[in-house]
Amino acid sequence: MGGGGSTRRVTFEADENENITVVKGVRLSESVIDRMKEPSSPSGRQHRGSGAVNDEELKKRIAEELALERARRDSEAQKRRLKQEQMYVRDEFGKLLERERISSNEHLTRAILRERAATEEERQKAQRFARQLDEKDRELKKHDAFYKEQLARLEERSAQFYKVTTEEYQKAADEVSARFK
């Protein structure tokens with residue numbers, strides 16, 4: 001990251017107040033300029049004291065500062081990419097969880113509908129059986145009434161037959177008794 005060595009050339013020069021002007025549109029922060037102004041070796045102090053600027057050392061320091069700045073930017077860019085990737089993964093995870101939730105809800109809904117349909121079918125079957133049972137009950141009551149009516153007729157005929165037979169027996173017994181008296 002940034003340590004690959006840039007082929008970009010930067011030219012710079014020092015103005016009369018020892019401010020550094022960078023050419024070709026590269027901007028340096030105040031902290032970078034302050035660090036470049038600081039003497040890093042005794043030879044740098046001597047040059048500064050005399051008012052002369054060592055071009056090679058200054059180029060080297062600027063290159064180092066640019067490399068550090070580039071590395072910092074690359075690191076920040078990588079952090080941003082990482083955060084974006086994390087957000088993307090979170091979003092995808094959220095979408096996946098949502099799809100799974102929807103899918104499970106659909107399965108649950110289908111299962112509930114199947115169960116309701118089965119329950120409704122059982123309810124209708126129970127109603128059909130209840131109607132059939134009611135019909136059988138009415139039919140049995142009808143048969144019971146018919147047989148009771150038949151039984152009542154037979155009993156009435158039997159009673160009449162018994163009455164006639166008893167009367168005839170009494171008559172015959174009275175006749176026999178009158179004959180043999």
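Just so we're clear, the structure is a prediction, and the values are computed from it rather than from any experiment. Hydrogens, waters and symmetry mates play no part in the numbers below; they use all other heavy atoms, side chains included. By convention here, the first residue in the shown sequence is residue 1.
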Practice task
Could you tell me whether Arg116 atom CZ has more than 12 heavy atoms of other residues or ligands within 6.0 Å of it?
Solution key: no
Exercise for the section: Could you tell me the separation between the CZ atom of Phe161 and the OG1 atom of Thr166, rounded to the nearest 0.5 Å? Expected result: 9.5 Å
Problem - Glu69 vs Arg73 side-chain heavy atoms within contact, under 4.5 Å - result: yes
Completion exercise
Separation between CG (Leu151) and CZ (Phe146), nearest 0.5 Å, reads 11.5 Å
Completion exercise
Rounding to 0.5 Å, atoms OH (Tyr147) and CD (Gln150) come to a distance of 8.5 Å
Practice task
Begin from the C-alpha positions of Lys148 and Asp144 and carry the test salt bridge (Lys or Arg N to Asp or Glu O under 4.0 Å) through to its verdict.
Solution key: CA-CA 6 Å; Lys148 280 183 181 178; Asp144 189 43; 3.5 Å; yes
Practice task
Check whether any side-chain heavy atom of Glu167 sits under 4.5 Å from a side-chain heavy atom of Lys171, and report yes or no.
Solution key: no
Practice task
Check whether more than 12 heavy atoms from other residues, nucleotides or ligands sit under 6.0 Å from atom CZ of Arg157, and answer yes or no.
Solution key: no
Exercise for the section: Could you tell me whether Arg138 and Asp134 have a side-chain N and a carboxylate O separated by less than 4.0 Å? Expected result: no
Completion exercise
Taken to the nearest 0.5 Å, the spacing of Glu175 CD from Glu168 CD works out to 10.5 Å
Handout entry: Side-chain (Ser104) to main-chain (Glu100) donor-acceptor, under 3.5 angstrom
Key = yes
Problem - Pairwise side-chain contact, Ile102 with Arg99, heavy-atom cut-off 4.5 Å (strictly under) - result: no
Problem - Under-4.0 Å salt bridge between Asp55 and Lys59 - result: no
Problem - pair Met87-Gln84: side-chain heavy atoms closer than 4.5 Å - result: no
Completion exercise
Between the CD atom in Gln160 and the CZ atom in Arg153, the distance rounded to the nearest 0.5 Å is 12.5 Å
Handout entry: With sequence neighbours excluded, residues passing salt bridge (Lys or Arg N to Asp or Glu O under 4.0 Å) with Glu92
Key = Lys95
Exercise for the section: State plainly whether the residues Glu98 and Arg101 are in salt-bridge range, i.e. N to O under 4.0 Å. Expected result: yes
Practice task
Sorted by first residue and then second, give each salt bridge (charged side-chain N to carboxylate O under 4.0 Å, His left out) pair with at least one member in residues 76-89; sequence neighbours left out.
Solution key: Arg72-Glu76
Practice task
For residues Glu56 and Lys60, determine if any side-chain heavy atom of one lies less than 4.5 Å from a side-chain heavy atom of the other.
Solution key: no
Completion exercise
Rounded to the nearest 0.5 angstrom, the CD1-CZ distance for Ile112 and Arg110 is 12.0 Å
